[in-house]
Amino acid sequence: RRRSAFRHMSHRGSLGTGHEEEHVRGEVGLFTHLIPSRFEHVRTDGRVIEVNRRRLPGGGVISTYADVTDRKRVEDALKVSEQRFRDFAEASADWQWETDMAGSFTFVSPPNRLIAGHPASLLVGKTWHQFLSAIGADPATADTILEHVENHRRFRDLEVGAEDPREGTVWLRLSGNPVFDGNGAVRGFRGSGSNITDQRRAEKALRVSEERYTLALAGANDGIWDWDFAADRVFISHRMRLLLGIRPTDPHPTPEEMAGRVWPEDRASYRAHIIAHLKGETEYLESEHRLVDGAGSYRWVLARGLALRDSTGRVYRMAGSTSDISARKQAEEQLREAKEAAELAYRTKSEFLANMSHELRTPLNAVIGFSDIARKELFGPLGNEAYVDYMNDIHDSGTHLLSLINDILDVSKIESGEADLVEQEVVVADVVGASVRMVRERASKAGVAIAVQIPKSLPLIYADELKLKQIILNLLTNAVKFTPDGGKVEVRASIEANGALAVRVADTGIGIAKSDMQRVMMPFGQASGSRRHAAEGTGLGLSLTQALAKLHGGRAVELDP
């Protein structure tokens with residue numbers, strides 16, 4: 001009968017899935033060698049059956065069968081929920097906690113996380129007071145948390161400054177709610193905590209950056225603008241409103257309204273600069289233009305900007321600054337007017353000197369010519385030797401004066417840009433030789449020796465021969481003039497490493513002080529130590545020499561001692 005009963009139970013699925021005969025043999029074996037047992041099996045319809053068996057004192061066996069399907073579902077759901085909670089807790093950047101009525105931590109997750117340098121697992125069993133003291137929380141916030149816990153009140157987003165042994169000061173954000181039992185009595189607290197140190201540092205850095213940006217704008221006194229292409233609006237700073245004459249209560253202008261503030265004569269150029277930058281033709285926007293003010297006048301500004309483009313190259317934003325450059329423009333205008341006035345005065349002076357030189361040369365030529373005839377007694381004797389001396393003095397003075405006038409005329413031509421070069425191939429040795437012959441008599445009378453060192457290998461140069469002779473002659477005359485009796489003047493010429501011709505005139509005279517160099521190179525300038533020779537010249541020799549050298553593309557330099 002047992003086998004038949006077990007076979008029937010197996011047949012209808014009460015003994016679970018599997019072969020029917022195996023179920024029967026197993027059940028019979030349990031009765032034969034029965035020990036108290038409790039087990040579960042799943043019927044073919046999915047129901048879970050809990051079986052309890054034990055022997056009776058009279059030799060029989062009693063079995064009870066209980067359907068525990070609903071209980072098993074609740075238990076499985078609880079396990080899934082617990083696992084889900086553990087997974088969330090492990091993955092979350094926050095940590096969860098629970099305390100009992102006494103304020104001691106009974107649970108902290110995840111236990112392997114560090115909280116202000118302390119492993120979370122070590123918090124279990126500690127009180128709030130012990131926890132806050134361990135992390136070095138500031139007393140005011142700690143008292144606030146303890147007050148809420150002791151009075152069973154929820155607290156939200158309380159920020160606590162703590163000391164981490166590795167990272168220094170860190171910031172924690174804590175929230176908690178009281179937990180109630182079935183009777184409505186508080187049985188503890190649950191809540192969460194998070195490390196917001198990075199957020200606080202980022203907020204501080206942003207605040208510092210904004211303060212620095214605001215200070216920079218205030219210091220620069222520039223107007224700032226930001227053109228939003230999607231909104232077709234230009235957001236402007238307070239300083240920009242002042243430049244545009246827009247009231248603080250007025251809305252931000254459109255690009256067209258901005259262009260309408262540009263002085264009419266400058267609008268075409270203003271738009272052209274913007275379009276060129278939007279097309280990518282310029283790296284930056286830079287435009288100088290005038291803005292209309294409220295009084296109908298204008299001020300000069302300099303606008304600079306940069307366009308931002310998306311991945312397709314399309315501009316979606318452009319920002320920049322606008323500076324008031326009215327003072328600079330006014331200074332430039334004054335400088336231009338002063339420059340034009342100076343150039344006009346310079347031209348007037350040069351024209352006056354040129355005209356005067358021409359006017360003076362005509363009578364001087366007559367004086368020199370007639371005095372030359374008289375001193376040579378071409379039409380008969382003068383009758384008195386003193387007259388011959390007078391004629392020589394008149395001729396020499398006239399010749400000297402004509403030389404000065406010619407120098408002034410040359411300087412005027414060079415300054416006015418009217419001096420031309422008649423260049424040809426020139427033998428430097430011949431020009432130097434001719435110049436030396438012209439001053440040799442004067443040098444001989446002054447007791448000054450002249451030596452010439454010109455290498456035969458010196459090549460031909462391309463220059464204006466007369467002006468080159470004038471350069472060398474001026475240097476020789478100046479050297480002889482300021483060299484005492486028994487002194488020496490030496491002329492050397494060579495080709496420099498860069499291929500330039502260098503002509504050097506050195507003397508053993510008084511020389512030129514460093515402090516006088518700039519002055520003697522200016523027209524009519526003379527060195528402070530040359531006053532005793534002032535009557536012999538106007539101070540044009542060296543300045544004219546320098547001008548003629550520059551006319552050839554060269555330069556005049558001081559000879560080393």
Under the 3.5 angstrom rule, does the side chain of [X] hit a backbone N or O of [Y] as a donor-acceptor pair?
{"X": "Thr477", "Y": "Leu473", "result": "yes"}
{"X": "Ser371", "Y": "Val367", "result": "yes"}
{"X": "Ser323", "Y": "Ile325", "result": "no"}
{"X": "Arg200", "Y": "Trp171", "result": "no"}

Polar side chain donor-acceptor pair, Glu159 to Thr141, under 3.5 angstrom: no
Donor + acceptor pair across side chains of Ser321, Trp225 (<3.5 Å): no
From [atom1] ([X]) to [atom2] ([Y]), nearest 0.5 Å:
{"X": "Gln199", "Y": "Leu206", "atom1": "CD", "atom2": "CG", "value": "11.5 Å"}
{"X": "Leu335", "Y": "Glu340", "atom1": "CG", "atom2": "CD", "value": "10.0 Å"}
{"X": "Thr322", "Y": "His289", "atom1": "OG1", "atom2": "NE2", "value": "6.0 Å"}
{"X": "Ile450", "Y": "Arg440", "atom1": "CD1", "atom2": "CZ", "value": "5.5 Å"}
{"X": "Asp222", "Y": "Leu243", "atom1": "CG", "atom2": "CG", "value": "8.5 Å"}
{"X": "Ile471", "Y": "Leu548", "atom1": "CD1", "atom2": "CG", "value": "5.0 Å"}

Check against salt bridge (Lys or Arg N to Asp or Glu O under 4.0 Å), Glu203 and Arg207: CA-CA 6 Å; Glu203 290 172 351; Arg207 186 166 59 254; 5.7 Å; no
Is the closest side-chain heavy-atom distance between [X] and [Y] below 4.5 Å?
{"X": "Glu163", "Y": "Thr169", "answer": "yes"}
{"X": "Ile495", "Y": "Pro459", "answer": "yes"}
{"X": "Leu291", "Y": "Trp263", "answer": "no"}
{"X": "Leu466", "Y": "Val422", "answer": "no"}
{"X": "Val292", "Y": "Val262", "answer": "no"}
{"X": "Leu476", "Y": "Val505", "answer": "yes"}
{"X": "Val436", "Y": "Val432", "answer": "yes"}

Any Lys/Arg nitrogen of [X] or [Y] sitting under 4.0 Å from an Asp/Glu carboxylate oxygen of the other?
{"X": "Glu490", "Y": "Arg492", "value": "yes"}
{"X": "Arg261", "Y": "Glu257", "value": "no"}
{"X": "Glu288", "Y": "Arg299", "value": "no"}
{"X": "Lys488", "Y": "Asp507", "value": "no"}
{"X": "Glu256", "Y": "Arg233", "value": "no"}
{"X": "Arg328", "Y": "Glu332", "value": "yes"}

Sole candidate of Ile236, Val234, Asp226, Ile246 that passes side-chain contact (heavy atoms from CB on, under 4.5 Å) when paired with His252: Ile236
Test log, rule side chain to side chain donor-acceptor pair (under 3.5 Å), inputs Thr197 and Glu167: CA-CA 10 Å; Thr197 304; Glu167 300 184 22; 5.4 Å; no
Please report the closest heavy-atom contact between [X] and [Y], naming both atoms and the distance.
{"X": "His277", "Y": "Glu283", "answer": "CE1-O, 3.1 Å"}
{"X": "Trp300", "Y": "Asp324", "answer": "O-OD1, 3.2 Å"}
{"X": "Ile461", "Y": "Leu501", "answer": "CD1-CD2, 3.5 Å"}
{"X": "Glu496", "Y": "Ala502", "answer": "OE2-CB, 3.6 Å"}
{"X": "Tyr462", "Y": "Glu425", "answer": "CD1-N, 3.9 Å"}
{"X": "Pro455", "Y": "Gln453", "answer": "CD-O, 3.9 Å"}

Derivation of the side-chain contact (heavy atoms from CB on, under 4.5 Å) call for Met240 and Ile224: CA-CA 6 Å; Met240 193 68 207; Ile224 304 300; 5.9 Å; no
Evaluation steps, side-chain contact (heavy atoms from CB on, under 4.5 Å), between Met318 and Phe229: CA-CA 8 Å; Met318 184 163 66; Phe229 280 67; 4.0 Å; yes
Within 6.0 angstrom of Arg309 CZ, more than 12 heavy atoms from elsewhere: yes
Flag if over 12 foreign heavy atoms under 6.0 Å of CZ, Arg336: yes
Evaluation steps, side-chain contact (heavy atoms from CB on, under 4.5 Å), between Val301 and Arg290: CA-CA 6 Å; Val301 297; Arg290 289 166 286 184; over 6 Å; no
Candidate pair Arg241 and Asp250, rule side-chain contact (heavy atoms from CB on, under 4.5 Å), full reasoning: CA-CA 9 Å; Arg241 286 180 177 274; Asp250 290 342; 4.1 Å; yes
Working for side chain to side chain donor-acceptor pair (under 3.5 Å), residues Asp232 and Thr254: CA-CA 6 Å; Asp232 197 33; Thr254 64; 5.9 Å; no
Plane angle bin for Tyr390 and Tyr387 - parallel if under 30°, tilted between 30 and 60°, otherwise perpendicular: tilted
